[in-house]
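Right, one structure below, let's go through it.
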Amino acid sequence: MANINKDEIILGIDLGTTNSCVAVVIDKEPQIIVNEQGKRTIPSIVVIEGDDIIVGDEAKEYLLQDNKNVIYSVKRLMGSNEKLKIDGKEFSPEEISAKILSYIKNRAELALNKKINKVVITVPAYFDDGQRQATKNAGRIAGLEVLRIINEPTAAALAYGTEKEGGELNILVYDLGGGTFDVTVLHMKEGIYTVLSTSGDNNLGGDDWDNAIATWIIEEIKKVYRTTINMEDKNVSNKIKSYSEFVKIQLSALDELDLDVSVFTNIQGGTIHITKAQFLEMTKVLMERTMAPVKDAITESGLTNEKIDKVVLVGGSTKMPMVREYLQTTFGAQLDSDVNPDEVVALGAAIQGAILKGEIDAELKDVIPLSLGMETYDGTIFSIIKRNTNIPVTIADIFATTYDNQTAIDIKVFQGERPMAIDNKLLGGFEFVVDPAPKGETEVEVSYHVDMDGILNVSSKNLKTGVVKSAVIKDTSGLDSSEINKMIKDAEKFKSSDLQKVKDNQLIQIIWDYLNILIAYVQDNEKDIPPFFNKQKSIEWIEKVSVWIESNDVEQIKANIFAFQLHVNTSLHDEIRKGAKIGFKMS
Ligand code: AMP
């Protein structure tokens with residue numbers, strides 16, 4: 001842990017998809033850092049033109065001009081290997097995020113008149129190791145020391161000071177932004193927060209409410225003025241989109257509004273009239289869509305609607321009164337909406353900074369969203385850290401070589417709940433070289449460590465030689481909350497067929513082990529041949545069984561395994577008794 005000086009400033013940064021926000025705790029009070037114009041959030045937009053780098057509000061202006069050097073929503077690419085080509089140069093998502101972070105750092109230094117290099121950055125609860133690592137790297141590139149990466153919903157709950165209420169609370173964080181929707185259920189006990197479940201919809205956000213208004217405007221103009229708006233014209237469609245957003249925001253405060261038709265047609269002086277009731281009607285379906293992930297998250301957390309003590313609102317779209325009303329009727333729970341939903345996450349991150357400094361008393365405890373396991377010799381997964389385990393955590397297990405003279409153990413790290421490795425997400429891995437030896441003799445301890453930031457480090461140690469190899473597991477493509485939910489649901493859906501696959505696999509493995517013992521005797525003339533060994537019959541069996549294994553013919557294997565085992569057992573009785581080591585996992 002970094003050495004933190006009491007006077008040192010730790011920024012809390014909400015590095016958002018659409019907007020970012022930065023806060024700091026001064027005299028135990030969290031506050032947003034504003035710029036000279038009094039702006040409290042920063043558009044997460046970057047423009048790169050030659051050596052010129054423009055970030056934030058100024059960069060947003062370029063968006064409307066359809067400029068090719070504008071980059072937005074880079075958060076969606078974090079943790080991927082995608083390269084962004086801008087003005088003839090290539091940039092990684094981390095580098096672009098670093099530009100936003102540098103801008104934020106400079107803005108904060110200017111406002112506070114102090115050098116700053118320590119930060120806490122927030123990420124969605126479903127961000128995997130690769131995405132978290134990429135966020136940390138972005139901080140490093142920006143010359144910042146990232147003290148902690150924390151989950152956005154946890155930060156939001158911290159900002160509401162829910163820990164101060166003492167006792168136990170179940171908190172639902174409803175985060176509706178511009179383009180994404182995330183739900184998280186947290187449990188808080190005596191100041192310790194645990195994420196119970198996450199869910200969401202990556203394609204649902206304020207933009208959909210804007211689109212509903214845009215569609216209505218087009219239809220209304222057609223009806224009232226018999227004019228068709230050409231949405232193919234980028235200029236016109238951009239104007240309609242931004243005007244629709246303006247209308248939506250107005251309707252958060254007003255009951256009705258006259259829209260100026262001249263903004264996007266040649267009709268001068270014309271208006272169309274929209275009421276809040278109409279707006280509610282046309283977006284009811286969107287509001288209802290948010291309820292599916294909410295339901296999923298609650299079911300997944302093992303709670304019920306009645307057990308939710310608090311609903312915390314995050315994201316600009318939760319400023320719409322319809323969201324608040326809907327949630328109030330659904331939960332009847334205490335709706336926490338005093339803090340500006342655009343700022344709540346950054347304030348929570350700043351509070352986390354103050355906790356690290358010892359200025360505020362609370363503790364965060366997060367969990368891993370999906371189990372982390374390792375592929376074993378037969379293609380099944382051995383789960384090392386179970387889903388929803390609190391982090392940080394280190395769990396080690398001992399494995400052994402599976403065949404004679406094996407020279408390497410392939411450590412493949414998977415994330416997911418399905419028993420067969422290939423049905424899960426491969427996060428990465430490495431090869432661990434071992435000295436050739438009889439199978440089962442070399443034992444390797446494989447250890448998984450997930451740190452406070454949710455980053456996984458896997459290491460392996462040869463228990464005989466003490467040789468160690470380790471790797472930070474970096475993902476290539478991240479999972480969003482809907483993917484995580486899908487994986488959890490699939491595990492449930494395919495439970496019985498998965499179980500069958502595992503059983504079939506075990507059967508194949510058993511017959512494979514027997515086959516290899518037999519082959520060794522048929523091929524090796526040096527070996528002492530036991531008295532009941534029938535070479536001709538053994539060759540016939542070897543040919544048949546090899547074909548069944550090759551073609552994955554489980555039915556034939558099932559039908560014949562006992563006869564085959566009987567043949568091997570009677571032929572090589574003593575050898576089998578001596579115990580050919582079958583299997584990979586030791587404990
Ligand atoms: P975020 O991604 O959290 O910054 O949220 C951005 C979204 O919030 C955009 O779709 C905005 O149009 C929307 N938004 C911001 N302020 C309001 C408001 N007062 N009423 C309705 N929507 C808003």
Side-chain angles (χ1 to χ4, degrees), residues 12-23 32 39-45 55-57 59-60 63-64 72-76 78 97 100 104 122-125 127 151-153 155-156 159 173-184 200-217 238-257 274 276 278-280 282-284 286-287 289-290 312-327 337-349 480-481:
I13 301 178
D14 168 11
L15 188 60
T17 310
T18 329
N19 291 300
S20 295
C21 191
V22 53
I32 296 295
K39 285 256 164 89
R40 302 172 74 84
T41 57
I42 304 135
S44 306
I45 304 174
V55 180
D57 288 305
K60 197 175 178 178
L63 254 191
L64 291 175
Y72 58 94
S73 298
V74 72
K75 185 171 175 177
R76 290 179 194 266
M78 291 297 270
S97 285
I100 302 172
I104 291 174
T122 59
V123 294
F127 252 29
N151 290 332
E152 288 161 9
V173 181
Y174 181 102
D175 179 355
L176 189 62
T180 54
F181 174 56
D182 296 311
V183 195
T184 311
D201 186 335
N202 222 16
N203 291 307
L204 183 64
D207 298 349
D208 296 290
W209 271 257
D210 302 346
N211 290 339
I213 294 181
T215 310
W216 178 85
I217 290 176
N238 278 344
K239 265 192 192 153
I240 291 218
K241 272 192 187 153
S242 58
Y243 194 71
S244 300
E245 186 184 13
F246 163 79
V247 171
K248 172 186 77 176
I249 293 173
Q250 292 298 307
L251 287 174
S252 285
L254 304 173
D255 283 336
E256 52 193 323
L257 198 65
I274 189 167
K276 196 179 223 161
Q278 279 173 309
F279 177 48
L280 272 181
M282 68 179 86
T283 55
K284 209 166 90 192
L286 296 172
M287 201 50 240
R289 254 179 74 191
T290 69
V312 169
L313 300 180
V314 183
S317 300
T318 61
K319 288 184 203 161
M320 292 189 286
M322 70 169 87
V323 172
R324 290 156 192 243
E325 284 153 20
Y326 204 99
L327 292 173
S337 57
D338 312 337
V339 186
N340 186 334
D342 294 332
E343 302 172 358
V344 62
V345 171
L347 291 171
D480 61 43
S481 53

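Here the structure is a predicted model, which is why all the values come from computation and not from measurement. One-based numbering, in listed order, for ligands and for the atoms of each.
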Q | Stepwise salt bridge (charged side-chain N to carboxylate O under 4.0 Å, His left out) test for Lys39 and Asp57 | A | CA-CA 9 Å; Lys39 285 256 164 89; Asp57 288 305; 3.8 Å; yes
Q.
I'd like to know whether Thr290 forms a side-chain hydrogen bond (donor to acceptor under 3.5 Å, both in side chains) with Tyr174, so could you lay out the CA-CA distance, the side-chain angles of the two residues, the decisive distance to 0.1 Å, and finally the verdict.
A. CA-CA 9 Å; Thr290 69; Tyr174 181 102; 2.9 Å; yes
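Nearest to atom 22 (N) of ligand 1 by heavy atom, out of Glu245, Lys248, Lys319, is Lys248.
The shortest heavy-atom contact between Ser317 and Val323 is O-CG2, 3.7 Å. Nearest heavy atoms, Leu204 versus Leu176: O-CD1, 4.1 Å.
Ser252 OG, 2.7 Å is the protein heavy atom nearest to atom 20 (N) of ligand 1. For atom 2 (O) of ligand 1, the closest heavy atom belonging to the protein is Gly178 N, 3.0 Å. From the protein, the heavy atom lying nearest to atom 4 (O) of ligand 1 is Asn19 ND2, 3.1 Å. For atom 14 (N) of ligand 1, the nearest non-hydrogen atom of the protein is Gly316 O, 3.4 Å.
Atoms of ligand 1 found under 4.0 Å from any heavy atom of Thr18 (numbered from 1 in listed order, with element): 2 (O). For ligand 1, the atoms sitting less than 4.0 Å from at least one non-hydrogen atom of Gly315 are 3 (O), numbered in the order shown with element in parentheses. Those atoms of ligand 1 with a heavy atom of Gly206 less than 4.0 angstrom away are 10 (O).
Put simply, the side chain of Ser44 gets close to the backbone of Gly16: a donor and an acceptor are under 3.5 Å apart.
Rounded to the nearest 0.5 Å, atoms CD (Gln278) and CG (Leu257) are 11.0 Å apart.
Using a 4.0 Å cut-off between a side-chain N of Lys or Arg and a carboxylate O of Asp or Glu, Arg289 and Asp201 qualify as a salt bridge.
Contacts between Ser317 and ligand 1 below 4.0 angstrom, taking non-hydrogen atoms only, involve backbone and side chain alike.
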